[in-house]
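Lettering follows sequence order; numbering is per chain, from 1.
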Amino acid sequence: MSDERSPSLAHQPAAGGIAARAMAAARPAAYLQGLNPEQRAAVETLDGPVLVLAGAGTGKTRVLTTRIAHILATGRAAPYQILAVTFTNKAAREMRERIGVLIGQSVEGMPWLGTFHAIGVKILRRHAELVDLKSNFTILDTDDQVRLMKQVIAAADIDEKRWPARQLANAIDSWKNRGLTPAQVPAGEAMSFANGKGGELYAAYQARLKTLNAADFGDLLLECIRLFRENPGVLAEYHRRFRFMLVDEYQDTNVAQYLWLRLLSQAPAGEKVNLCCVGDDDQSIYGWRGAEVDNILRFEKDFQGSTIIRLERNYRSTGHILGAAGHLIARNEGRLGKTLFTDDVEGERVTVAGAWDSGEEARAIGDEIENLQRKGHALNDIAILVRASFQMREFEDRFVTLGLPYRVIGGPRFYERAEIRDALAYFRATMQPADDLAFERIVNVPKRGLGDATVQILHDYARHNSVPMMQAARVLVETEELKPKPRQTLRDLMTAFGRWAAQSEVLGHQELAELILEESGYTDMWQKDRTAEAAGRLENLKELVRSMESFENMAGFLEHISLVMDASEEGASEDKVSILTLHGAKGLEYDTVFLPGWEEGLFPHQRSLDENGRAGLEEERRLAYVGLTRARRRAKVWFASNRRIHGLWQATMPSRFVDELPAAHVDVVEPSGSYSSGGAFAMSRFDKAQPFSGSTYSTPGWQRARENMASGFKATQPPPRREPLTIEGELVARSTGTASVHKVGDRVFHVKFGYGDIAEIDGNKLTVDFDKAGRKRVVDSFVAAA
DNA sequence: AAAATGAGAATTAGA
DNA sequence: TTCTCATTTT
């Protein structure tokens with residue numbers, strides 16, 4: 001690997017050398033200018049473990065990047081000796097750019113700045129043979145995983161209908177998030193899938209991955225952990241290499257990532273661990289994805305002699321916004337505790353307004369945006385943050401009629417789109433003839449008459465003879481196994497693949513891509529398609545080919561793409577209102593933020609409450625906190641009294657979070673003009689009465705919510721707890737994952753199906769034998785103990 | 001093998 | 001309501 005040399009420093013004195021240090025001492029550290037004392041401490045405390053608790057808008061990224069610049073400038077380490085991990089490619093890219101600006105040159109010499117997964121891959125490729133892989137192993141995405149899982153389930157002679165592959169994929173994913181290999185999965189959980197076969201299937205899946213020379217996303221971390229554990233020499237090599245480690249968004253790390261970090265940071269005796277984690281426990285909103293807030297809460301215990309630095313000076317929002325957000329989040333119990341402050345003006349109070357229904361909510365917000373626009377506000381500085389994506393639609397509809405430009409952020413990612421995945425599958429199958437999953441994906445796309453029957457024959461032959469399917473195909477077209485028609489079609493397809501593979505030697509990869517898409521009939525398929533989205537898909541394909549430009553060849557492109565492929569950066573140049581989910585908004589900021597849908601059941605989301613009890617509520621509250629703190633000047637909370645959920649209209653009531661906002665920082669906007677269609681809702685009092693009365697919520701909204709829950713079919717359940725996770729006798733995670741509160745055999749009640757007995761449990765999915773309705777699979781939050 | 005019909009379910013999302 | 005997935009129909 002070329003990272004041993006450091007291109008950007010090629011003509012500079014050796015890192016850590018006397019000359020470098022002298023230069024650093026002599027040069028006024030321009031990059032330190034303008035940091036406040038806490039930020040500066042976070043940058044300059046280089047020795048030993050440091051936890052930087054960086055509240056929203058306190059300059060987290062600045063600290064992180066300046067710290068790296070500082071390490072480099074003081075000659076404490078060379079770029080290739082710094083490990084800096086982020087969660088998203090976007091964050092990694094941003095860091096790279098900002099460091100470049102700080103040190104005034106490109107940072108190509110920082111090979112170890114990247115996502116957990118990207119760095120994991122890099123490490124694994126170097127030592128692939130130690131974890132039973134070849135260094136050119138392929139990385140499977142979720143879709144490939146499920147396809148593979150289907151095969152494993154079929155091979156185990158299990159009914160795929162009763163035990164969907166999707167579900168097994170989720171189970172395995174969550175095991176991997178918790179750092180569990182097949183052997184380590186708790187017996188109870190391993191039993192819960194497919195009548196006790198869960199553990200075996202996981203093991204079988206892992207075995208299949210090895211024969212395919214493939215790894216899924218979870219493996220990128222898990223196999224690294226295994227590598228380090230089984231090969232102390234390899235681990236020691238990285239200990240020597242990484243003089244400094246930095247972790248972004250530490251509150252989002254899961255158990256596997258924590259273990260990975262801990263292994264890497266266990267420096268040889270006598271040496272200090274220069275680990276710096278930056279995060280905000282109040283912004284931990286990914287518990288459902290395996291993130292462990294516990295990691296950040298436990299930092300001091302995990303890393304002896306650590307320094308904790310709080311960044312509480314906020315540079316983003318006005319006083320009223322911070323006041324409202326701070327008061328809200330103070331309700332949470334499991335937090336380290338921070339209070340943000342600002343020198344900024346108090347500004348406008350946070351407004352709370354109610355609408356009759358979701359349609360009126362959208363109309364009112366649309367009008368308000370038009371008013372802002374008239375006053376000269378840029379639409380780019382306005383965002384609508386929703387809890388669930390179905391809420392977006394109403395706004396889109398409204399904005400279309402108003403002719404108000406908007407963009408939806410999030411949604412299906414570029415590389416997840418079917419046409420992109422199909423195209424990539426063609427490329428993969430061309431470049432790697434052993435890539436069965438890719439081949440299977442496109443063998444009949446476009447439809448060419450190679451259906452299930454043909455694929456099954458190929459499959460059987462391939463499995464029996466332990467050869468890739470493409471090879472099986474080449475053999476079979478020479479035999480009488482296949483019917484004449486598919487036989488000829490398949491023969492043509494194989495010829496085409498052979499031709500493309502040959503062409504890949506001579507053509508540029510972009511031409512090759514176009515050739516494949518053309519000759520395979522794939523482009524044609526979409527051109528003939530008359531549906532509305534066909535044009536967009538063709539456009540995406542063009543974009544895909546365009547995006548290949550910066551790569552040297554097809555292999556390099558494919559290598560990169562499995563890990564890094566963001567939605568094509570849509571022209572942020574146009575002035576548009578942004579519509580996005582609260583989760584998607586983390587890390588972003590806008591002058592004006594609209595927060596619609598603050599209603600019990602939607603926000604906090606009922607499911608979060610049902611499945612995770614108090615922890616779920618606190619996570620929802622953090623989400624509200626994230627939403628409010630996105631606003632620079634104006635935060636506008638809305639709720640509707642009626643909303644259509646799953647097709648039918650339901651009366652809703654204001655979120656308890658509305659009640660938890662402090663009166664001093666809030667203005668209640670009285671229903672006025674066209675929006676007061678009856679004033680059927682009664683505005684809640686604000687929470688001046690009992691600011692901190694522990695767990696007794698007694699404001700009206702909350703009371704009504706509780707009544708509703710009591711009278712309804714959904715019983716509030718105690719938070720499900722599963723065994724704390726310990727590794728090598730040490731507590732690693734207290735609250736890991738979720739488990740059903742039900743047991744097999746329990747009698748339950750479902751609002752639609754009536755009474756029944758639980759036959760099987762898989763996570764939160766129950767199979768229930770209902771007295772009247774027969775056997776059904778339901779999500780456990782839809783049933784109550786009878 | 002492909003289109004049509006019907007049933008069942010229903011946050012949030014990163015690599 | 002709207003989507004996905006599976007089964008049935010052509």
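- B:dG14 and C:dC3 have their C1' atoms separated by 23 Å, with the value rounded to a whole Å.
- A donor and an acceptor atom, one from each side chain of A:Asp294 and A:Tyr258, are nowhere located under 3.5 Å apart.
- Nucleotides C:dC5 and B:dT12, compared at atom P, are 16 Å apart to the nearest Å.
- A salt bridge links A:Glu619 with A:Arg622: the closest approach of a Lys/Arg side-chain nitrogen to an acidic carboxylate oxygen falls below 4.0 angstrom.
- A straight line from CD of A:Gln456 to P of B:dA1 spans 12 Å, rounded to a whole angstrom.
- Contacts of A:Asp252 with the nucleic acid, taken as non-hydrogen atoms under 4.0 Å apart, are absent.
- Of the options A:Asp144, A:Asp141, A:Asp435, A:Asp422, a salt bridge (Lys or Arg N to Asp or Glu O under 4.0 Å) to A:Arg441 is made by A:Asp422 and by none of the others.
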Under 3.5 Å, which protein N or O atoms sit close to an N or O of nucleotides 2-7 of chain C? Give each pair with its distance.
{"residue": "C:dT2", "atom": "OP1", "partner": "A:Arg393", "partner atom": "NH2", "Å": "3.0"}

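- Between A:Trp288 and A:His583, a ring centre-to-centre spacing shorter than 6.0 Å is recorded.
- Under the rule for a salt bridge (Lys or Arg N to Asp or Glu O under 4.0 Å), A:Arg398 has no partner lying at least two apart in sequence or in another chain.
- In this structure, A:Phe603 and A:Trp598 have perpendicular ring planes: the angle between them is above 60°, well past the 30° mark.
- A donor-acceptor contact closer than 3.5 angstrom links the side chains of A:Gln151 and A:Glu440.
- A salt bridge links A:Glu249 with A:Lys60: the distance from a Lys NZ or Arg NE/NH1/NH2 to an Asp or Glu carboxylate oxygen falls below 4.0 Å.
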Please enumerate all protein N or O atoms sitting under 3.5 Å from an N or O of nucleotides 11-14 of chain B, with distances to 0.1 Å.
{"residue": "B:dT11", "atom": "O4'", "partner": "A:His605", "partner atom": "NE2", "Å": "3.4"}
{"residue": "B:dT11", "atom": "O4", "partner": "A:Ser608", "partner atom": "N", "Å": "3.4"}
{"residue": "B:dT12", "atom": "OP1", "partner": "A:Ser389", "partner atom": "N", "Å": "2.9"}
{"residue": "B:dT12", "atom": "OP1", "partner": "A:Ser389", "partner atom": "OG", "Å": "2.4"}
{"residue": "B:dT12", "atom": "O4'", "partner": "A:Arg387", "partner atom": "NH1", "Å": "3.2"}
{"residue": "B:dT12", "atom": "O2", "partner": "A:Trp288", "partner atom": "NE1", "Å": "3.3"}
{"residue": "B:dT12", "atom": "O2", "partner": "A:Arg387", "partner atom": "NH2", "Å": "3.2"}
{"residue": "B:dT12", "atom": "O2", "partner": "A:His583", "partner atom": "NE2", "Å": "3.4"}
{"residue": "B:dA13", "atom": "OP1", "partner": "A:Thr581", "partner atom": "OG1", "Å": "2.7"}
{"residue": "B:dG14", "atom": "OP1", "partner": "A:Arg413", "partner atom": "NH2", "Å": "2.9"}
{"residue": "B:dG14", "atom": "OP2", "partner": "A:Arg413", "partner atom": "NE", "Å": "2.6"}
{"residue": "B:dG14", "atom": "OP2", "partner": "A:Arg413", "partner atom": "NH2", "Å": "2.3"}
{"residue": "B:dG14", "atom": "O4'", "partner": "A:Arg289", "partner atom": "NH1", "Å": "3.0"}

